[in-house]
Amino acid sequence: QVQLVESGGGLVQPGGSLRLSCAASGSIFRIAAMGWHRQAPGKQRELVADITSGGSTNYADSVKGRFTISRDNAKNTVYLQMNSLKPEDTAVYYCKAEINPYRYGHYADYWGQGTQVTVSS
């Protein structure tokens with residue numbers, strides 16, 4: 001079994017910062033891309049940022065210049081540093097990872113349980 005466990009969400013004032021972490025554990029042979037998605041009330045889930053195993057990154061236009069995604073391959077962990085937060089960043093943030101559990105297995109998408117980020121004064 002593969003598990004993704006997120007941490008780091010919370011309540012922050014506009015202009016503040018938060019750092020999210022997501023650690024993958026269990027049966028893991030190899031991890032390809034890892035990333036963060038978010039879903040605000042009444043809206044569809046959207047990509048925030050992702051990062052390949054080689055470190056190439058991709059960001060939604062709405063977060064470019066404010067958020068930074070990184071990963072520690074030795075720890076199977078992905079991070080999202082969020083600066084200059086805005087009320088419109090309020091959402092549940094989900095971690096996603098493309099994981100191959102076994103040497104001769106296949107990649108599949110795994111999701112974390114989500115962590116709430118609320119930006120409000």
Side-chain angles (χ1 to χ4, degrees):
Q1 293 287 348
V2 174
Q3 274 193 315
L4 299 181
V5 179
E6 299 133 334
S7 60
L11 172 64
V12 64
Q13 291 188 341
S17 298
L18 282 174
R19 188 189 194 214
L20 305 182
S21 299
C22 171
S25 62
S27 177
I28 298 172
F29 175 67
R30 192 164 290 163
I31 303 178
M34 302 183 80
W36 293 92
H37 296 243
R38 68 185 180 187
Q39 187 166 19
K43 295 188 176 182
Q44 290 195 339
R45 192 174 296 189
E46 62 176 1
L47 173 70
V48 176
D50 58 23
I51 183 169
T52 67
S53 58
S56 296
T57 58
N58 175 51
Y59 295 93
D61 287 343
S62 59
V63 307
K64 282 180 182 176
R66 300 188 298 122
F67 291 10
T68 301
I69 190 169
S70 60
R71 65 191 280 175
D72 185 332
N73 291 330
K75 296 181 178 179
N76 292 335
T77 299
V78 63
Y79 307 96
L80 186 68
Q81 178 66 44
M82 304 185 294
N83 298 329
S84 303
L85 281 160
K86 305 175 181 180
E88 50 264 43
D89 295 317
T90 295
V92 178
Y93 283 70
Y94 297 91
C95 170
K96 189 183 89 167
E98 298 172 3
I99 298 175
N100 185 350
Y102 308 106
R103 181 178 179 85
Y104 299 108
H106 302 281
Y107 283 97
D109 288 341
Y110 293 84
W111 291 87
Q113 79 285 358
T115 185
Q116 177 70 46
V117 171
T118 302
V119 185
S120 175
S121 55

### Query
What's the spacing between Y107 OH and I31 CD1 if we round to 0.5 Å?
9.0 Å
### Query
Just how far is it from atom NE2 of H37 to atom CD of Q44, taken to the nearest 0.5 Å?
13.0 Å
### Message
Connecting only ILVMFWY residues whose side-chain heavy atoms lie within less than 4.5 Å of each other, what is the rest of V92's hydrophobic cluster?
### Response
Y94, W111
### Nearest atoms (heavy-atom pairs only) where Y93 meets E6
O-OE2, 3.8 Å
### Task
Could you tell me whether the side chain of Q1 and the main chain of G26 form a donor-acceptor pair under 3.5 Å?
no
### Query
T118: what forms a side-chain hydrogen bond (donor to acceptor under 3.5 Å, both in side chains) with it, not counting sequence neighbours?
Q116
What donor-acceptor contacts under 3.5 angstrom involve side-chain atoms of residues 7-23, with partners at least two apart or in another chain?
unit_1, atom_1, unit_2, atom_2, d
S17, OG, N83, OD1, 2.9

### Query
For E46, which residues count as a side-chain hydrogen bond (donor to acceptor under 3.5 Å, both in side chains) partner, sequence neighbours excluded?
R38
### Query
Cluster question for you: counting only ILVMFWY and a side-chain heavy-atom cut-off of under 4.5 Å, with indirect links fine, are I28 and M34 together?
yes
### Co-membership, hydrophobic cluster, residues V63 and W36, 4.5 Å side-chain
yes
Show me the donor-acceptor pairs, under 3.5 Å and distance only, between side chains in residues 66-78 and residues at least two apart or in other chains.
unit_1, atom_1, unit_2, atom_2, d
R66, NH1, S84, O, 2.9
R66, NH1, D89, OD2, 2.8
R66, NH2, S62, O, 2.9
R66, NH2, D89, OD1, 3.0
R66, NH2, D89, OD2, 3.4
R71, NE, N73, OD1, 2.6
R71, NH1, A32, O, 2.7
R71, NH1, I51, O, 3.2
R71, NH1, T52, O, 3.2
R71, NH2, A32, O, 3.1
R71, NH2, N73, OD1, 3.3
D72, OD1, A74, N, 3.1
D72, OD1, K75, N, 3.3
N73, ND2, S53, O, 3.3
T77, OG1, K75, O, 2.8

### Query
Who are the salt bridge (charged side-chain N to carboxylate O under 4.0 Å, His left out) partners of K64, not counting sequence neighbours?
D61
